[in-house]
Amino acid sequence: MSNGIRVVAAVFVDGGRVLACRRAAGRPGGGKWEFPGGKVEAGEDPKAALRREIREELGIAIDVGELLDRSVTTIENRRIDLSCYHVEETDGAPIASTDHDLLEWFARSELAALDWAEPDLPAVRLLSADVDGQD
Ligand SMILES: Nc1nc2c([nH]c(=O)n2[C@H]2C[C@H](O)[C@@H](COP(=O)(O)OP(=O)(O)OP(=O)(O)O)O2)c(=O)[nH]1
């Protein structure tokens, strides 16, 4: 894929609430909400990449569960291939992030009102639709 990136992100759900993270001001996409994660390196397994990114970014170990959504979105001529996975297990709570200035838990019904990074919108729609879903 030329001029594109493969990105993986983690959907934490706890007691019906979903974790959203706001990209810190000054970074590309600053102020937008997203799921924590990052780029898959060449030759890397996507789930392994997500475990690595969450360890680096949030300082916790996770077991990666089912794929919620994979979508490709073109922004300013750049293809963003984003896979959002459910988190199955974690060894601690996500409290602080190296890339974000806010980590917040939202009810599913609140998600749609946030200013999300565009590639995340298909996953957000799926999570919002499942209003009765438990984690
Ligand atoms: N982490 C993450 N990135 C996302 C999401 N949605 C979305 O469009 N992106 C974009 C923002 C960035 O352009 C790219 C991921 O970059 P990043 O800065 O988080 O990843 P990284 O840690 O591997 O990168 P780097 O800072 O080491 O260069 O994907 C999302 O939900 N989570």
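Both counts, for ligands and for their atoms, begin at 1 and track the order of listing.
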Peer 1: Tell me the nearest of G38, A9, A20, A10 to atom 20 (O) of ligand 1, using heavy-atom distances.
Peer 2: G38
Peer 1: I need the contact type for T73 against ligand 1. Using non-hydrogen atoms and a strict under-4.0 Å cut-off, is it side chain, backbone, both or neither?
Peer 2: neither
Peer 1: Which atoms of ligand 1 sit under 4.0 Å from any heavy atom of P119?
Peer 2: 8 (O)
Peer 1: Relative to the heavy atoms of G37, which atoms of ligand 1 are at a distance of less than 4.0 Å?
Peer 2: 1 (N), 19 (O)
Peer 1: Which protein heavy atom lies closest to atom 9 (N) of ligand 1, and at what distance to 0.1 Å?
Peer 2: E34 OE1, 3.9 Å
Peer 1: Which of the atoms in ligand 1, numbered in the order shown and given with their element, are less than 4.0 Å from a heavy-atom of I5?
Peer 2: 14 (C), 29 (O)
Peer 1: Between CG of L114 and CD of E104, what distance do you get to the nearest 0.5 Å?
Peer 2: 9.0 Å
Peer 1: Would you mind listing every side-chain hydrogen bond (donor to acceptor under 3.5 Å, both in side chains) that reaches into residues 46-58, with sequence neighbours excluded?
Peer 2: E44-R52, R52-E56
Peer 1: Could you check whether R70 pairs with D81 (Lys NZ or Arg NE/NH1/NH2 to Asp/Glu carboxylate O, under 4.0 Å)?
Peer 2: yes
Peer 1: Can you list everything that forms a side-chain contact (heavy atoms from CB on, under 4.5 Å) with P46? Sequence neighbours excluded, please.
Peer 2: R6, V8, Y85
Peer 1: Using a 3.5 Å distance criterion without hydrogens, assess whether the side chain of R108 forms a donor-acceptor pair with backbone atoms of L127.
Peer 2: yes
Peer 1: Taking only heavy atoms of R27, which atoms of ligand 1 are found under 4.0 Å from at least one of them?
Peer 2: 18 (O), 26 (O)
Peer 1: What is the nearest protein non-hydrogen atom to atom 28 (O) of ligand 1, stated with its residue, atom name and distance?
Peer 2: K39 NZ, 2.7 Å
Peer 1: So, 4.0 Å and heavy atoms of K32: is ligand 1 close enough to count as a contact?
Peer 2: no
Peer 1: For the pair F35 and W116, name the ring-plane relationship: parallel under 30°, tilted 30 to 60°, perpendicular over 60°.
Peer 2: tilted
Peer 1: Give a yes or no on whether the backbone of G31 and the side-chain of D115 come within a donor-acceptor separation of less than 3.5 Å.
Peer 2: no
Peer 1: Measure the distance from atom 6 (N) of ligand 1 to every protein heavy atom, then report the residue, atom name and distance (to 0.1 Å) of the closest one.
Peer 2: D120 OD1, 2.7 Å
Peer 1: Do ligand 1 and E57 have nitrogen or oxygen atoms that lie under 3.5 Å from each other?
Peer 2: no
Peer 1: Would you say W105 and L103 are hydrophobically clustered, going by side-chain heavy atoms of ILVMFWY under 4.5 Å?
Peer 2: yes
Peer 1: Can you tell me how far the CD1 atom of I54 sits from the CD1 atom of I60, to the nearest 0.5 Å?
Peer 2: 7.0 Å
Peer 1: Ignoring hydrogens, just give me the one of W33, W116, F35 whose non-hydrogen atom is nearest atom 30 (C) of ligand 1.
Peer 2: F35
Peer 1: What residue and heavy atom of the protein are closest to atom 22 (O) of ligand 1, and at what distance?
Peer 2: E53 OE1, 3.5 Å
Peer 1: Can you tell which part of H100 has a heavy atom less than 4.0 Å from ligand 1: side chain, backbone, both or neither?
Peer 2: neither
Peer 1: Starting from atom 29 (O) of ligand 1, what is the nearest protein heavy atom, named by residue and atom, and what distance separates them?
Peer 2: V7 CG2, 3.4 Å
Peer 1: With atom 10 (C) of ligand 1 as the reference point, say which of L50, I80, V8, L121 has the nearest heavy atom.
Peer 2: I80
Peer 1: Please find the pair of heavy atoms, one from A9 and one from L82, that lie closest to each other, and give the distance.
Peer 2: CB-CD1, 4.0 Å
Peer 1: Give the atoms of ligand 1, by number and element, whose distance to some non-hydrogen atom of R78 is under 4.0 Å.
Peer 2: 13 (O)
Peer 1: Could you pull out, from E118, R23, R6, the option with a heavy atom nearest to atom 11 (C) of ligand 1?
Peer 2: R23
Peer 1: Do you reckon V64 sits in the same ILVMFWY cluster as V11, going by side-chain contacts under 4.5 Å, direct or chained?
Peer 2: no
Peer 1: Has the side chain of D63 got a donor or acceptor atom that lies under 3.5 Å from a matching backbone atom of E88?
Peer 2: no
Peer 1: May I ask whether E56 has any heavy atom positioned less than 4.0 angstrom from an atom of ligand 1?
Peer 2: no
Peer 1: Return yes when at least one protein heavy atom is under 4.0 Å from atom 24 (O) of ligand 1, and no when none is.
Peer 2: yes
